[in-house]
Amino acid sequence: MARFERSSRPAAGAPPTPDGRPKITMRLDPDGRYRPVEPPAETTPETRAEARPQAPDDPRPDAMRNVPPHGPGV
């Protein structure tokens, strides 16, 4: 019978915490306060797109708009 043996390689990532928040490492500063070990991530400025110009009117007559294609194999 096969028996369970733990892998010698570490698993990919830490298991999730019960409350769902990520696990972080803290360090005690000289001030006596806990601070995260990782430096804070830099933020990038927000980029917004310009408004699109209004689409021109369709020059085709009403009878020719939204007509399905005609022909063999279609």
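Computation of the quantities below employed the complete heavy-atom set of this structure, encompassing side-chain atoms and omitting hydrogens, waters and symmetry-equivalent molecules. Just so you know, these numbers come straight off a predicted model, no measurement behind them. Residue numbers count from 1 along this sequence.
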Which residues share a salt bridge (Lys or Arg N to Asp or Glu O under 4.0 Å) with [X], sequence neighbours left out:
X	value
Glu50	none
Arg48	Glu46
Asp31	none

Go through the structure and list residues passing side-chain contact (heavy atoms from CB on, under 4.5 Å) with Asp58, not counting sequence neighbours.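 Testing Asp58 for side-chain contact (heavy atoms from CB on, under 4.5 Å), a comparison that skips the adjacent residues, returns Arg60, Arg65.
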Please enumerate all residues that pass side-chain contact (heavy atoms from CB on, under 4.5 Å) together with Arg27, with sequence neighbours excluded.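 Once residues adjacent in sequence are excluded, the partners of Arg27 under the side-chain contact (heavy atoms from CB on, under 4.5 Å) criterion are Val37.
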Within a 6.0 Å radius of atom CE on Met26, are there more than 12 heavy atoms belonging to other residues, nucleotides or ligands?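 Correct, the count exceeds 12.
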By side chain to side chain donor-acceptor pair (under 3.5 Å), which residues pair with Arg52, not counting sequence neighbours?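 None.
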Rounded to the nearest 0.5 Å, what separates atom CZ in Arg33 from atom CG in Leu28?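 So the gap between those two atoms works out to 11.0 Å.
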